[in-house]
Amino acid sequence: MSEAKKFMYINRHAPCGTVYGVEGLEVVLISAAFEQDICMAFIGDGVFQLKQNQDTADTGMKNFSPAYRALGDYEVNRLYVEHESLEERGLTEDDLMPLTWEDEDDDWAEKPSIYIVDRAQLSDLIEEQDIILNF
Amino acid sequence: MLHTVNKSPFESSSLKTCLSLAKSGSDVLLIEDGVYGALSGSAHTALLTEALGQVRVYALGPDLKARGLSEDKLIPGIKVVGYDGFVELACANDKIQNWL
Amino acid sequence: MAFELNGKTYETDEEGYLANLSDWDNDVAAYMAKEDDCDLDENHWEVINFLREYYDEYQIAPAVRVLTKAIGKKLGKDKGNSKYLYELFPYGPAKQACKYAGLPKPTGCV
């Protein structure tokens with residue numbers, strides 16, 4: 001295979017009202033099989049995707065938020081969350097699901113996957129990517 | 001009149017438009033992604049807090065729960081209702097305006 | 001599509017995956033395997049039960065690479081390799097085992 005490309009999946013939509021979130025997550029899980037260098041970014045209402053304690057039982061919809069916890073198994077372990085977007089929504093990092101991945105090369109040590117970054121840092125990260133996909 | 005808002009205020013102007021046009025004494029029910037408008041400490045909290053003087057604001061409980069929003073995250077004065085409350089509001093008002 | 005078992009009708013998709021996760025029980029798994037000429041032994045059940053638990057926790061059926069790694073971590077390296085898993089489930093461990101486990105087809109499985 002040719003050299004791995006740097007992929008960033010940008011999520012800008014809230015989890016339940018539209019299918020962007022679940023569709024985007026599915027594409028990430030599929031593309032993870034191709035051993036590319038994958039990260040995700042959560043901007044705007046996309047930060048709500050990672051809100052903890054989502055429980056859709058009373059709405060009759062499927063709750064796909066637990067699938068974010070599987071991302072570590074798929075070696076997707078860099079999830080960038082824009083600080084300004086959290087702040088605008090009255091949220092802090094403590095409102096998000098604590099997502100981790102296990103480092104096989106470090107005796108399966110659990111490491112955090114969520115990185116809170118400010119707008120300027122995120123702008124630099126976007127610039128570094130080869131391919132950017134929006135959901 | 002009952003007004004329903006189903007869009008996130010961060011994505012759409014529906015909440016703002018609704019609140020600017022709703023007559024004093026109206027009921028405003030936040031549903032689906034509209035429930036994000038009920039968050040305290042957000043960029044739109046002031047807009048809603050101000051409106052609470054004129055209109056009654058409700059948020060649909062199952063939609064809050066689906067999004068992981070607990071009642072302590074909401075602006076004080078917003079009443080959480082279930083589907084039965086939604087029906088009661090719809091019956092109690094002669095007209096319904098859905099701000100899609 | 002659908003099949004009948006013990007007087008009950010079970011809905012499936014066009015590839016034979018169970019339409020309703022909650023319809024599943026051990027008899028359903030055994031019946032589906034039998035249709036593929038596969039007799040389930042304890043090693044098969046170990047993987048099937050593992051997949052049920054994985055789905056329960058993450059709400060997705062894992063891709064084969066992820067399944068292999070996770071099995072290796074839980075049940076040991078001698079089981080967490082594709083040779084072992086393909087011997088158990090020759091049609092593809094994730095695909096075939098997920099079917100018997102009553103899960104949807106794994107995400108990323110074409």
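The sequence lines fix the lettering, A, B, ..., with proteins before strands; numbering per chain opens at 1. Basis for what follows: all heavy atoms, side chains included, without hydrogens, waters or symmetry-related copies.
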Under 3.5 Å donor-acceptor, A:Q49 side chain and A:V47 backbone: no

Whether A:F64 and A:Y68 hold their rings parallel, tilted or perpendicular, with breakpoints at 30° and 60°: tilted

Under 3.5 Å donor-acceptor, A:N11 side chain and A:M40 backbone: no

Residues from residues 76-86 of chain A approaching chain B under 4.5 Å (heavy atoms): none

Residue B:E71 excluded, over 12 heavy atoms near CD under 6.0 Å: no

Any donor-acceptor pair under 3.5 Å from B:H44 side chain to B:P9 backbone: yes

Contact listing (chain B partner; residues 87-111 of chain A; heavy atom under 4.5 Å): A:E87, A:E88, A:R89, A:G90, A:L91, A:D95

Heavy-atom contact with chain A under 4.5 Å, split by part of B:K73: side chain

Polar side-chain atom of A:D130 near backbone of A:K6 as donor-acceptor pair, under 3.5 Å: yes

Contacting moiety of A:D55, where chain B heavy atoms sit under 4.5 Å: both

Sidechain-backbone polar pair: B:R56 side chain, B:V28 backbone, donor-acceptor under 3.5 Å: no

Part of B:E32 lying under 4.5 Å from any heavy atom of chain A: neither

Neighbour count >12 (heavy atoms, 6.0 Å) for atom CD, A:E128: yes

B:L64 and its side chain to side chain contact (heavy atoms under 4.5 Å, CB included) partner, picked from B:I78, B:I31, B:V80: B:V80

B:S40 (side chain) donor-acceptor with B:I75 (main chain) under 3.5 angstrom: no

Selection from B:A66, B:S42, B:S8, B:S70 maximising heavy-atom pairs under 4.5 Å formed with chain A: B:A66

Donor-acceptor pair between B:D33 and B:N6 side chains, under 3.5 angstrom: no

Chain A contact via B:D63 - side chain, backbone, both or neither, heavy atoms under 4.5 Å: both

Centroid-centroid under 6.0 Å between B:Y36 and A:F48 rings: yes

